[in-house]
Amino acid sequence: MNILKRLRLSAITYNRGHLNIMVKFTLMAWLLFGSLHANSNPATLRLYTNISPPYQEIQNNQLAGSSVEILACLMETLDWPYAVQTAPWKRVYSRVRAGEADGFFTSLPFPQANDFAALSSPAALEKWYWFYTSPELVKDKVGIVRGATVDLWLQAAYPTIKVQRVNTLDQLVKLLIKGRVNSILMDKQTFENVQKQTLGKEINSQFEKYSPLGFYFSKAYLANHPDFLDAFNQALPRCVSSLPTLSNTERVLMERIATEKISEWVNNPQVIRAVEQSNQRTSSLTDANLAD
């Protein structure tokens with residue numbers, strides 16, 4: 001029996017002189033608990049995304065995809081109302097920055113968003129590959145989806161590359177097939193979802209990097225719901241059903257990259273000097289001292 005029913009039953013047991021007091025108290029309690037309940041209801045989380053299969057895609061005129069499924073699981077777990085709309089990436093960012101939306105997904109970490117939004121823990125891991133039709137990879141003219149996180153990363157990593165930007169993934173693949181760009185950079189799974197356009201044309205690929213993806217939420221929304229991001233991150237493990245795996249080729253590649261990096265560090269004069277200086281400072285220490 002809830003507290004309001006108990007209060008009403010209590011009022012009936014009193015004499016008429018106390019009845020008015022109890023009725024007033026019951027009404028005050030109802031208003032109080034009703035107000036607390038209304039204030040505890042979170043504001044609907046307004047999110048934007050861009051179509052990028054298999055993470056976000058349209059199926060039977062409905063928004064679907066792995067990231068959309070993860071989001072639905074999280075919002076159900078948190079019992080949190082939300083709504084999602086799609087738009088080009090640049091419009092997505094501008095609407096969140098302007099306070100017209102509360103977040104966007106899925107995205108890699110990038111500095112441009114840090115002043116107006118905060119990123120969740122990783123929900124997926126992209127494998128970025130260069131795709132090209134020539135025998136060798138050429139990066140002098142690259143195709144990219146305008147405003148996508150790959151675009152933002154490319155501007156910082158390869159600032160001198162000539163880039164041709166388009167609005168959709170379909171357009172991007174067409175650029176490559178028609179020879180209007182030498183190569184394109186995109187997630188491997190995403191490419192596999194749109195490569196039907198290649199029509200049997202041989203496509204070569206070369207691994208570039210791994211990129212974690214998460215959900216960005218505006219700082220304004222988080223200020224009004226300070227516990228939301230922690231709860232969201234804590235719920236992620238139960239909603240992310242599978243972790244990415246490495247193919248044999250990718251495993252060999254990662255081992256080679258790691259070996260090359262370690263070799264660079266071992267032969268770096270600054271690293272060698274720092275190790276020698278550390279050895280000099282600790283030369284008087286015994287094994288027992290080091291263990292402590």
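Predicted model, so just to flag it, every value in this text is computed and none were measured.
In this structure the side chain of Y48 never reaches within 4.5 angstrom of the side chain of R91, judged on heavy atoms. Contact of the S52 side chain with the L169 side chain is registered, since non-hydrogen atoms from C-beta on lie closer than 4.5 Å.
Atom OG of residue S205 and atom CD of residue E192 lie 9.5 Å apart, to the nearest 0.5 angstrom. Taking OG1 from T168 and CD1 from I51, the interatomic distance works out to 11.0 Å, rounded to the nearest 0.5 Å. Interatomic distance, N233 CG to L119 CG, rounded to the nearest 0.5 Å: 8.5 Å. Atom-to-atom distance recorded for E57:CD and S66:OG is 8.0 Å, nearest 0.5 angstrom. Atom-to-atom distance recorded for R95:CZ and Q85:CD is 7.0 Å, nearest 0.5 angstrom. Note that CZ of F131 is 9.5 Å distant from CG of L176, once rounded to the nearest 0.5 Å.
Contacts of T190 classified as side-chain hydrogen bond (donor to acceptor under 3.5 Å, both in side chains), with partners at least two apart in sequence or in another chain: D187. Remark: E126 pairs with W128 by the side-chain hydrogen bond (donor to acceptor under 3.5 Å, both in side chains) rule, at least two apart or across chains. Residues passing the ring pair (Phe, Tyr, Trp, His ring centres under 6.0 Å) test with F116, sequence neighbours excluded: none. Remark: T77 engages no residue in a side-chain hydrogen bond (donor to acceptor under 3.5 Å, both in side chains) (not counting sequence neighbours). Remark: V84 pairs with L47, T49, L63, L71, Y82, F105 by the side chain to side chain contact (heavy atoms under 4.5 Å, CB included) rule, at least two apart or across chains. Every residue two or more places apart in sequence or in another chain that forms a ring pair (Phe, Tyr, Trp, His ring centres under 6.0 Å) with F228 is listed here: W80, F217, F232.
A donor-acceptor pair under 3.5 Å is absent between the side-chain atoms of Y55 and the main chain of L213, judged by distance alone. Of the possible donor and acceptor atoms, one in the side chain of K201 sits under 3.5 Å from a partner among the backbone N and O of I177. Between the Y221 side chain and the A43 main chain, a donor and an acceptor come within less than 3.5 Å of each other. Judged by distance alone, with hydrogens and angles left aside, the side-chain atoms of Q206 form no donor-acceptor pair with the main-chain N or O of W130 at under 3.5 Å. Distance alone, capped at 3.5 Å, is enough to place a donor-acceptor pair between the R146 side chain and the R165 backbone. Side chain of K141 to backbone of R180: a donor-acceptor contact under 3.5 angstrom is found.
Y132 is connected to I144 through a chain of hydrophobic side-chain contacts under 4.5 Å among Ile, Leu, Val, Met, Phe, Trp and Tyr, so both are in one cluster.
The neighbour count for N279 CG, taken as heavy atoms of other residues, nucleotides or ligands under 6.0 Å away, is above 12. No more than 12 heavy atoms of other residues, nucleotides or ligands sit less than 6.0 Å from atom CD of E136. More than 12 heavy-atom neighbours from other residues, nucleotides or ligands sit within 6.0 angstrom of NZ on K209.
Ion pairing between D115 and K219 fails under the 4.0 Å rule for side-chain N and carboxylate O.
Under 3.5 Å, the side chains of Q234 and D230 contain no donor-acceptor pair of N or O atoms.
Between Y216 and F110, the distance from one ring center to the other falls under 6.0 angstrom.
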